[in-house]
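Written out below as structure tokens is the structure these notes cover.
Computed from heavy atoms alone, side chains included, the values below leave out hydrogens, waters and symmetry copies. Throughout, protein chains are lettered first and strands after them, A, B, ... in sequence-line order, and every chain is numbered starting at 1. Predicted model, so just to flag it, every value in this text is computed and none were measured.
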Amino acid sequence: MSISIKSINKTFGNYAALENISLEVPNGSLTALLGPSGSGKTTLLRIVAGLEFSDPGEGRILFHGEDVSETPAGKRGVGFVFQHYALFRHMTIAENIAFGLSVLPRSLRPAKAEIHARISELLKLVKLEGLDKRRPHELSGGQRQRVALARALAIQPKVLLLDEPFGALDAQVRKSLRRWLRVFHDEIGLTTLFVTHDQEEALELADQVVVMRNARIEQVGKPQEIYDHPRSPFVYEFLGNVNKLSASNGSHRYIRPHEIEIAFAAEYNPETDRLAKIDHLFSAGPVATLSVRLDDGQFLEVEISRKQLDELALDPGDEVSIRIMDSSKSGV
Amino acid sequence: MALRPSTTESPLVRRILISTALLVLSLFLLLPLTAVFAEALRRGWEVFLASLHDEVALSAIHLTLMAAAISVPLNTLFGVSAAWLITKYRFKGRAFLLSLIDLPFAVSPVIAGLVWVMIFGSKGWLPPTAMAEALAPAARLIASLAEYDGFGWLLADLAAWLADPKIVFAFPGIVIATVFVTFPFVARELIPLMESQGSDQEEAAVTLGARGWQIFLRVTLPNIKWGLFYGVLLCNARAMGEFGAVSVVSGHIRGETNTLPLHIEVLYNEYQFSAAFACATLLAFLAIVTLGMKSLVEHLSGHQSSGHK
Ligand SMILES: Nc1ncnc2c1ncn2[C@@H]1O[C@H](COP(=O)(O)OP(=O)(O)O)[C@@H](O)[C@H]1O
Ligand SMILES: [Mg+2]
């Protein structure tokens, strides 16, 4: 089910948390809302869920073309996973997952056996078999996260909304759970909108990335598109790992560390290259990062493969010749 | 020499501090409690039991229990609603409501009693004569209903009261004063608790399709039950023990409007020390039970939420 967000404004007192937000989330897609903290991501997600309402006016939320702007949260059919999971801590895992079914009016509520079967199915889906009798505080962060997901899925939602789904997890769990979510999404094909402030997460996971900044949408596109063609310096910098190189005329350009080639100073070609001195070397892992100081005093980060670093056998203080590859963009 | 953290005092200092604390505690808390029981039993069990079996004493106990039986449930309802309103919603006048809840704590109980005398007393704004006039049609209607209905006795009582609606120096006044004085206990216990829990779980329940009362009964209530229980316990202890405000509105009519604390005072003023302390043991016992239940609650709730941050 697609989500259409049309001209949403939201103010808290005098503070504008969202300004004229319009966005299409295609059916079956995995879309990331990416932006720094305070940019309005959670607020937008909550408005889609119906936990918050946009300022009165022309703002509209449509699910598959149907206007749900006035529909209360409980009737929108959204699965919402909260940043800190918001599990019911006095209930077992099974009771947590069954909650959405158990509050249905008697006429719509599935039979006990059916609810039971649904819980087992969901526990299997999120790989938590056998934990149904535990309570939330007996689980790890990653497990709680998946319980929250199973609980949201139990009501067979039309769309899935996740607020910083990996925010509270440590780096290791984060990475594995991220991959798992991607596979999981491809399996169940549910339209999913998730919030993150981690560009790596958004770029790796999403079909569509929405970059937000100061209550506005800065750019929307496929991860590759956004990475290769950032529309503004903000997006360029926010996507991370970028060098800002100023020219003598006051303009500047953005260069990613892997878009710089490095060679011995002897190979210096004044037409295309610049001379630089190695300031610092960091070479744990398959990619080596070098910090070099240009002849005009500016610093650049350069990424080369570990293999190349070994071949060049560089040390801090060595003179090198660097060449900026054509694919990099000029900024404004 | 063993290393010890710089914040720990030396064993000697620690021992001195602990024994001072214990000494002060026993002097100020345990000694009076022991004195109550010792004095009550000084003239033997028979006098002790007789003082409790005395007709006036029994009526005081009955009155105290009735006043608590009405005001505690009322204040539980008020307290839960107020705490729910204040912690789950943001609205204009929220801060004002918050300080209003504290008013009974801030006001001297004597004033809390006098206010009601001023409103409902015979020289007050709404004296019984004026109320009787205003309520006369209702009194007649209910009196006529009492003749048919199965709850005749209750309606007849109500009709009788409506015909002569005394509040001050009567049971209703005692209940009103007790409700007023004990109003903050439940709300005060719940507000910080509910504040710290936030609305996350309630919001999760909303997105899962739960309706208002389902959210309250299945999500909010289980999360606050121990705090609520403790608040009710304190509210009850105060409702049964309240002296000042009730003293002002009751009029001290023996066997009619004297609650247990008032009865104790009367006995004491009449130099019936053994009887006074015999009745006082009941209140002391209430205090001990309250504290015992409190520790039990802390024990249980501590167990339940262990491991939860
Ligand atoms: N209920 C609220 N009341 C007042 N201000 C709020 C409220 N919710 C969010 N805000 C403000 O709106 C801005 C955007 O918040 P949020 O949507 O949570 O950002 P993000 O999720 O991108 O970090 C923040 O400055 C925040 O302080
Ligand atoms: Mg947020």
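A salt bridge is defined here as a Lys NZ or Arg NE, NH1 or NH2 lying under 4.0 Å from an Asp or Glu carboxylate O, and B:Arg188 with B:Asp102 meets this definition. A salt bridge does not link A:Lys75 with A:Glu66: none of the charged nitrogens is closer than 4.0 Å to a carboxylate oxygen.
For the set A:Ala86, A:Pro157, A:Gly100, A:Ala49, the count of heavy-atom pairs under 4.5 angstrom toward chain B peaks at A:Ala86. When each of A:Gln83, A:Arg151, A:Arg76 is checked for heavy-atom pairs under 4.5 Å with chain B, A:Arg151 comes out on top. Annotation: maximal heavy-atom pairing with chain B below 4.5 Å, among A:Ala152, A:Pro72, A:Ser102, occurs at A:Ser102.
Between B:Phe183 and B:Phe78, the ring planes lie tilted relative to each other; the angle falls in the 30° to 60° range.
A 4.5 Å side-chain heavy-atom check between A:Thr192 and A:Phe184 finds every atom pair outside the cut-off.
For A:Phe82, the part lying near chain B is the side chain, with the backbone staying farther off; criterion is any non-hydrogen pair under 4.5 Å. Heavy-atom distances place both the backbone and the side chain of B:Arg218 under 4.5 Å from chain A. For chain A, the nearby parts of B:Glu203 are the backbone and the side chain; heavy atoms of each come within less than 4.5 Å. Neither the backbone nor the side chain of A:Leu101 comes within less than 4.5 Å of any heavy atom of chain B. If you measure heavy-atom distances from A:Leu87 to chain B, the contacts under 4.5 Å come from the backbone alone. For A:Arg46, the part lying under 4.5 angstrom from a heavy atom of chain B is the side chain only.
The six-membered or imidazole ring of B:Phe185 lies near that of B:Phe105, with a centre-to-centre distance under 6.0 Å.
Sorted by first and then second residue, the side chain to side chain donor-acceptor pair (under 3.5 Å) pairs with a member in residues 104-123 of chain A form an empty list; sequence neighbours excluded.
No side-chain donor from either of A:Ser29 and A:Asp207 sits under 3.5 Å from a side-chain acceptor of the other.
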